[in-house]
Protein chains: 2
Amino acid sequence: MIETKWLSAAERSTWVKFTAVLELLPAALDLQLSRDEALTHFEYFTLAMLSEAPNRVLRTSALAARTNATLPRLSRVVTHLESASLVKRSPCSEDRRATNVELTEAGWQKVVAAAPGHVAAVRRLVIDALTPTQVENLSEIFTVVLKQLDPDGRMLASDSEADGRR
Amino acid sequence: MIETKWLSAAERSTWVKFTAVLELLPAALDLQLSRDEALTHFEYFTLAMLSEAPNRVLRTSALAARTNATLPRLSRVVTHLESASLVKRSPCSEDRRATNVELTEAGWQKVVAAAPGHVAAVRRLVIDALTPTQVENLSEIFTVVLKQLDPDGRMLASDSEADGRR
DNA sequence: TATCGAAACTTGCAGATACAACCAACCCCG
DNA sequence: CGGGGTTGGTTGTATCTGCAAGTTTCGATA
């Protein structure tokens, strides 16, 4: 049995706030998007990832990696988005096991329409309350934290990789 | 229609990391606790809030405020914890509408047993990767953010208030 | 003190998610 | 070229959570 190294007062104070943010921020983001756009934050994020992909198409598993969703979760969300005509599934020509998920024109319009309100919420809840220095500090802090949480950087791969296309 | 003020490159970069942390950290905390202690992070947090309360008792609604849970959610979690004999419900003598939730001895032992592993996870995933200056910066940043998310400071009321007893 | 609106839960119902089981297609190696 | 293990994706089942409705009690007011 290893001796526990408890948190210092400063560390505890920071952690209490961290857990509060973890609990409240996702709910606040979901609230704005579901109220104004009838989308969950996860659905919006999924559409946004697609909108940034080459040709606005990704394979299901590539999309799952970018959104950090399990495959079952993403599959059901795509089913739901598809029934709203925001995305379209099609078989992948290179690998017949795979499915491509493509943003429809309506899906693109939805992202375009939803983005301003979402950005406004992000500003109101987080960014605008911080100084530029704090924004920079926060970026460095999360970079370090993400090294622990996501060593492979799956969630930040939107720009660097070239797989998962067509 | 108001002109949208988009995020700068630095702001966007910070926000992308923030959303990644929001998605990954709760899952990581849940994973450790459910693997090692058969508790969700929310259940652990609920027990922890009770363990810090005077006499280890809180009214259901006071406990809900401290954990940021809706009443229905907390009610069901308490039912579950009660069936595991970790907490005990009893009618409140002052207000017969209200229910007191009390940590049992077994519940206290559970918190004591689970805390080291949880703290270790918090250290491994977050705290130990940061410098003391970063911990301090993060505290200030979250203080500001929480002013937007939780203006009444409900989630940080563990020490300041005197209501919700017995 | 009778009544009416609010508060403190609890429960019914519907949607979301995880895990596991499943099927189909792929790839490698004998 | 024929398994055998692996990968890509979907679906069954159980749990969790939110919203809304229902019940009891409270408190203020007429």
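Owing to the predicted nature of the structure, the values given are computational and were not obtained by experimental measurement. What you see below is based on every heavy atom in this structure, not just the backbone, and it leaves out hydrogens, waters and symmetry mates. Numbers restart at 1 for each chain; the letters A, B, ... are given by sequence-line order, proteins then strands.
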Is the distance from OP1 or OP2 of [N] to the nearest side-chain N or O of [X] less than 4.0 Å?
| X | N | answer |
| --- | --- | --- |
| B:Arg73 | D:dC16 | no |
| A:Thr70 | C:dA18 | yes |
| B:Ser75 | C:dC9 | no |
| A:Arg89 | D:dT10 | yes |

Measuring from the side chain of [X] (C-beta onward, heavy atoms only), which nucleotide among [options] has the closest atom?
| X | options | answer |
| --- | --- | --- |
| A:Arg96 | D:dG9, D:dT17, C:dC26 | C:dC26 |
| A:Thr99 | C:dC9, D:dT10, C:dA8 | D:dT10 |
| A:Arg97 | D:dT7, D:dG18, D:dT24 | D:dT7 |

Check ion pair [X]-[Y] (N to O, under 4.0 angstrom):
| X | Y | value |
| --- | --- | --- |
| B:Lys88 | B:Glu82 | no |
| B:Glu37 | B:Lys110 | yes |
| B:Arg89 | B:Glu102 | no |

Checklist entry - Of A:Thr40 and A:Pro72, whose nearest nucleotide on DNA chain C comes first from the 5' end? => result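 That would be A:Thr40.
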
Next on the checklist: Can you work out whether B:Ala98 or B:Arg76 has the more 5'-proximal nearest nucleotide on DNA chain C?
Outcome noted: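 The residue whose closest nucleotide sits nearer the 5' end is B:Ala98.
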
Next on the checklist: Could you tell me how far apart A:Leu71 (CG) and C:dA24 (P) are, to the nearest whole angstrom?
Outcome noted: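 Between P of C:dA24 and CG of A:Leu71: 17 Å.
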
Checklist entry - Between A:Ser61 and A:Leu31, which has a closest nucleotide on DNA chain D that is more 5'? => result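 Whichever sits nearer the 5' end wins; that is A:Ser61.
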
Checklist entry - To the nearest 0.5 Å, how far apart are CG in A:Leu63 and OG1 in A:Thr99? => result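 Going from the CG atom of A:Leu63 to the OG1 atom of A:Thr99 covers 11.5 Å.
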
